[in-house]
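These numbers were taken from a predicted model, which means no experiment stands behind them. We name chains A, B, ... by the order of the sequence lines, and we start the count at 1 in each one.
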2 protein chains.
Amino acid sequence: MIFKALSNETRVQILEWLKKPDANFGPQLYLPPDSDFKGGICVGSIQEKTGLAQSVVSNYLLLMKKAGLLESRRYGQWTYYRRNDETFMQLADFIKNEM
Amino acid sequence: MIFKALSNETRVQILEWLKKPDANFGPQLYLPPDSDFKGGICVGSIQEKTGLAQSVVSNYLLLMKKAGLLESRRYGQWTYYRRNDETFMQLADFIKNEM
DNA sequence: TTATTATATCTGCATTTCTAGATATGTCAA
DNA sequence: TTGACATATCTAGAAATGCAGATATAATAA
């Protein structure tokens with residue numbers, strides 16, 4: 001559930017960081033330069049910034065992906081996550097018009 | 001936290017019911033006719049409709065009030081709750097512009 | 001005053017979620 | 001192939017939440 005996914009402070013923090021990936025994370029050296037997945041950040045970079053265990057962060061990211069808040073793409077051994085801004089817009093509209 | 005308050009199905013259902021209080025609840029016989037708290041529904045009416053224990057519903061309502069989703073007013077031995085629509089608008093704007 | 005009613009708070013147990021360590025899977029390099 | 005690395009999944013204990021019964025508080029009625 002989307003509100004469940006947003007009910008954890010660290011998860012919201014990750015979403016915030018991913019609004020400005022270049023400013024908040026180091027360069028993603030293994031993301032192919034010709035990729036159309038710009039703004040994607042690998043699990044390891046996010047894990048490092050949170051200071052939490054790798055399994056925790058991996059779970060957080062998967063949870064937010066299931067909720068539609070993130071999308072992911074794998075390149076080689078790296079999985080890159082980035083925001084799915086469409087979902088945020090839809091959520092805002094839903095709250096404004098349906099709730 | 002507001003997302004925490006919204007992460008429970010029953011609580012969201014109550015908010016939904018309170019969008020159309022007249023249609024979803026019986027007449028509030030003890031709410032003074034000259035009150036400016038129109039649309040307010042007493043805890044007992046809400047409790048009855050959910051089928052949950054009185055203590056549970058009372059807690060839910062207090063939780064949503066703390067989150068700003070509901071406002072309340074007491075008349076005699078009855079506490080009436082209604083939606084705080086301003087908060088919903090602000091939340092939608094926050095998600096659209098800040099998240 | 002006492003009794004009744006509505007709501008809030010307290011208590012405890014069951015369930016869920018959080019968190020992290022350990023392990024498994026998948027990919028790349030040698 | 002083997003070894004190293006990134007990520008996902010599994011497992012288990014800790015913490016938070018859900019829920020309801022019991023009790024407390026506050027207002028009303030007799």
For atom CE of A:M1 and atom C1' of C:dT16, their distance in whole Å: 15 Å
Closest-nucleotide 5' rank along DNA chain C - winner of A:G76 and B:W78: B:W78
Nucleotide D:dT9, atom P - distance to NZ of A:K66 in whole Å: 7 Å
Contact under 4.0 Å: B:N8 side-chain N or O vs D:dG18 OP1/OP2: yes
A:K65 vs D:dT7: side-chain N/O to OP1/OP2 distance below 4.0 Å: no
A:E71 with A:R82: basic N within carboxylate O range, under 4.0 Å: yes
Sugar-phosphate only, base, or nothing, as touched by B:S58 at under 4.0 Å among non-hydrogen atoms: base
Whole-Å gap separating P (C:dA6) and CD1 (B:I41): 15 Å
Gap between atom CH2 of A:W78 and atom CG of A:L29 - 0.5 Å precision: 9.0 Å
Separation of D:dA6 C1' from A:Q28 CD (nearest whole Å): 13 Å
Side chain of A:K4 - closest among C:dT17, D:dT7, C:dT7: C:dT17
Under 4.0 angstrom between A:S55 side-chain N/O and D:dA8 OP1 or OP2: no
Sugar-phosphate, base or nothing in reach of B:V56, heavy atoms under 4.0 Å: base
Atom-pair distance (CD on A:E9; P on C:dT17), nearest Å: 19 Å
Interatomic distance, A:L61 CG vs D:dT7 P [rounded to whole Å]: 10 Å
Separation of C:dT16 C1' from A:L63 CG (nearest whole Å): 13 Å
Which atom of B:Y81 lies closest to which atom of B:L18, heavy atoms considered: O-CD2, 4.1 Å
Position toward the 5' end of DNA chain D (nearest nucleotide), A:L62 or A:Q77: A:Q77
Phosphate-side-chain proximity, B:Y81 and C:dA8, N/O vs OP1/OP2 below 4.0 Å: yes
Main-chain N/O of B:S35 paired to B:R73 side chain as donor or acceptor, under 3.5 Å: no
Side-chain N,O (A:R74) to OP1/OP2 (D:dA8) below 4.0 Å: no
Donor-acceptor pair under 3.5 Å, A:Q54 side chain vs D:dA8 base: yes
Interatomic distance where CG belongs to B:N59 and P belongs to D:dA20 [whole Å]: 12 Å
Pairing of B:D85 and A:K96 as salt bridge, 4.0 angstrom limit: no
